[in-house]
Amino acid sequence: MNAMVKAEGVHKSFGTAHILKGIDLEVAPREVFCLIGPSGSGKSTFLRCINHLEKINAGRLYVDGGLVGYRQKGDRLHELKDSEIALKRRDIGMVFQRFNLFPHMTAVENVMEAPVQVKGETKAVARVRAERLLDRVGLSDKAKHYPAQLSGGQQQRVAIARALAMEPKLMLFDEPTSALDPELVGDVLDVMRGLAEDGMTMIVVTHEMGFAREVGDALVFMDDGVVVETGHPRDVLTNPQHDRTKSFLSKVL
């Protein structure tokens, strides 16, 4: 079976700062793949490379068997046109720390927007799906509310529904609960747990070790732009093999 995501020797620099230093990893279809590590270790940058929000400087990144952002001719990579990249990006949903909802649109309008604008769906079709997705994330009663009328946790659940509206084959979560008050975190994690049970392939950058332990199929600890340790979440969290992993976990568990 093809990996849903495959990274081969991925490097990324910003100026003289070498952020990713040769990342190799594979994410299987239907897998919940958790990335942990200290701030600045490259986790979020790697996530952004997967959907070509950041361009890699070396290596190869594949999603569902296809190169991300490039076409290979012989030994050389040629960057795709923006329109081609946008087409491939439709298959990848992304949820950020900050919710990035359109403030002038209601919850249901936020969820409808991309299918109407990008896929050319009718508003009627998009609205039916949007209402179904808001129900799925427990917000059917908030469809006509504007973001300013919603809590942070509710806004993040609308953002998840919005990402799902494009019917992606892969969902990327960049610390989706880190901007939330502690009592709001559980509702968002419950939605993500439901997605996992439904078989959605997910890559989750997270500080929520309980979620990683309960829901994750694989866990990677990254530090200073490299993969230090990888394994089943329970194994890595209860019996880390590397000193750097032990040091990090001793501070967060």
Side-chain angles (χ1 to χ4, degrees), residues 2-15 19-20 23 25-27 29 33 42-130 132-133 147 156 158-174 176 195 200-205:
N2 266 350
M4 180 58 78
V5 177
K6 186 174 185 179
E8 297 177 344
V10 170
H11 288 256
K12 173 64 185 175
S13 297
F14 295 103
I19 306 299
L20 300 177
I23 301 293
L25 54 80
E26 285 193 23
V27 181
F33 194 93
K43 309 180 302 294
S44 294
T45 298
F46 177 67
L47 216 59
R48 292 171 66 84
C49 290
I50 292 173
N51 65 358
H52 208 63
L53 288 175
E54 301 289 354
K55 301 175 185 179
I56 64 175
N57 299 114
R60 300 282 191 276
L61 248 178
Y62 301 89
V63 172
D64 202 18
L67 279 170
V68 175
Y70 298 93
R71 179 183 297 110
Q72 185 156 344
K73 290 184 181 172
D75 294 337
R76 303 198 53 177
L77 291 182
H78 300 266
E79 191 168 11
L80 299 175
K81 296 176 188 167
D82 286 348
S83 59
E84 294 175 288
I85 292 169
L87 205 60
K88 288 190 180 272
R89 203 178 274 147
R90 284 163 39 161
D91 291 333
I92 305 172
M94 187 155 185
V95 178
F96 300 88
Q97 291 180 35
R98 296 285 168 188
F99 328 119
N100 301 333
L101 298 177
F102 296 116
H104 62 288
M105 293 183 180
T106 63
V108 74
E109 287 168 346
N110 264 283
V111 179
M112 289 168 57
E113 180 71 0
V116 171
Q117 297 298 332
V118 179
K119 285 187 170 179
E121 281 187 3
T122 66
K123 287 191 174 181
V125 168
R127 183 176 292 275
V128 169
R129 184 191 299 110
R132 189 176 75 240
L133 287 169
Q156 191 61 295
V158 173
I160 293 172
R162 181 178 61 178
L164 291 172
M166 291 295 285
E167 301 180 313
K169 59 178 80 164
L170 169 67
M171 284 284 283
L172 309 176
F173 291 89
D174 188 7
L195 291 177
M200 174 64 73
T201 309
M202 299 157 62
I203 303 179
V204 185
V205 173

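Atoms considered below: every heavy atom in the structure, side chains included; atoms not considered: hydrogens, waters and symmetry mates.
- Contact detail for Ile19 and Gly42: the closest heavy-atom pair is CG2-CA, 3.9 Å.
- Within the model, atoms NZ of Lys6 and CG of Asp64 stand 13.0 Å from one another, a figure rounded to the nearest 0.5 Å.
- Between Glu84 and Arg71, at least one side-chain N (NZ, or NE/NH1/NH2) sits under 4.0 Å from a carboxylate O, which counts as a salt bridge.
- With Gln156 contributing its side chain and Phe96 its backbone, the two residues share a donor-acceptor pair below 3.5 Å.
- Formation of a donor-acceptor pair under 3.5 Å by the Asn110 side chain with backbone atoms of Phe102 is found in this model.
- The minimum heavy-atom distance linking Gly65 with Asn2 is given by the pair CA-ND2, 4.2 Å.
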Could you please spell out the steps behind the salt bridge (Lys or Arg N to Asp or Glu O under 4.0 Å) verdict for Glu121 and Arg129? CA-CA 11 Å; Glu121 281 187 3; Arg129 184 191 299 110; 2.8 Å; yes
Evaluate Leu20 against Cys49 for side chain to side chain contact (heavy atoms under 4.5 Å, CB included), listing each step before the verdict. CA-CA 10 Å; Leu20 300 177; Cys49 290; 4.1 Å; yes
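- Side chain of Asp174 to main chain of Ser44: no donor-acceptor pair is present (N/O by atom type, distance under 3.5 Å, no hydrogens or angles).
- Rounding to the nearest 0.5 Å gives a distance of 11.5 Å between CD1 of Ile50 and OG1 of Thr45.
- The closest side-chain heavy-atom distance from Leu47 to Phe173 is not below 4.5 Å.
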Run Leu172 and Ile92 through side chain to side chain contact (heavy atoms under 4.5 Å, CB included) and show every step you take. CA-CA 7 Å; Leu172 309 176; Ile92 305 172; 3.6 Å; yes
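- The shortest heavy-atom contact between Glu109 and His104 is OE1-O, 4.4 Å.
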Check against side chain to side chain donor-acceptor pair (under 3.5 Å), Glu79 and His52: CA-CA 10 Å; Glu79 191 168 11; His52 208 63; 2.9 Å; yes
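- Shown here for Val68 and Tyr62, the closest heavy-atom pair between the two residues is CG2-C, 4.2 Å.
- In plain terms, the two heavy atoms of Gly93 and Ala163 that are nearest each other are CA-CB, 4.2 Å.
- Here the closest heavy-atom approach between residue Val95 and residue Met171 is recorded as CG2-CE, 4.0 Å.
- For the atom pair CZ of Arg89 and CG of Leu80, the computed distance is 10.5 Å after rounding to the nearest 0.5 Å.
- Taking OH of Tyr70 as the start and CG of Leu61 as the end, the distance is 9.5 Å to the nearest 0.5 Å.
- No side-chain donor-acceptor contact under 3.5 Å links Lys12 to the backbone of Asn57.
- Counting heavy atoms from C-beta outward, Asn100 and Arg162 have side chains that approach closer than 4.5 Å.
- The backbone N or O of Gly74 lies less than 3.5 Å from a partner atom in the side chain of Gln72, making a donor-acceptor pair.
- Atom-to-atom distance recorded for Glu54:CD and Phe14:CZ is 4.0 Å, nearest 0.5 angstrom.
- At least one side-chain heavy atom of Leu195 sits under 4.5 Å from a side-chain heavy atom of Met202.
- Each of Met200, Arg90, Met4 was scored for a side-chain contact (heavy atoms from CB on, under 4.5 Å) with Lys169, with one residue passing: Met4.
- Residues Pro115 and Met166 are in side-chain contact: their nearest non-hydrogen atoms beyond the backbone lie under 4.5 Å apart.
- Counting heavy atoms from C-beta outward, Arg127 and Val111 have side chains that stay 4.5 Å or more apart.
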How far apart are the C-alpha atoms of Val5 and Phe33, what are their side-chain angles, what is the distance that settles it, and do they pass the side chain to side chain contact (heavy atoms under 4.5 Å, CB included) test? CA-CA 10 Å; Val5 177; Phe33 194 93; over 6 Å; no
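- A salt bridge links Lys119 and Glu167; the closest N-O separation between the charged side-chain nitrogens and carboxylate oxygens is under 4.0 Å.
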Determine, step by step, whether Arg60 and Glu8 satisfy the salt bridge (Lys or Arg N to Asp or Glu O under 4.0 Å) criterion, reporting the C-alpha distance in whole Å, the side-chain angles of both residues, the deciding distance to 0.1 Å, and the verdict. CA-CA 5 Å; Arg60 300 282 191 276; Glu8 297 177 344; 5.8 Å; no
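- Atom CD1 of residue Ile160 and atom CG of residue Leu133 lie 11.0 Å apart, to the nearest 0.5 angstrom.
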Determine, stepwise, if the pair Ile56 / His11 fulfils side chain to side chain contact (heavy atoms under 4.5 Å, CB included). CA-CA 6 Å; Ile56 64 175; His11 288 256; over 6 Å; no
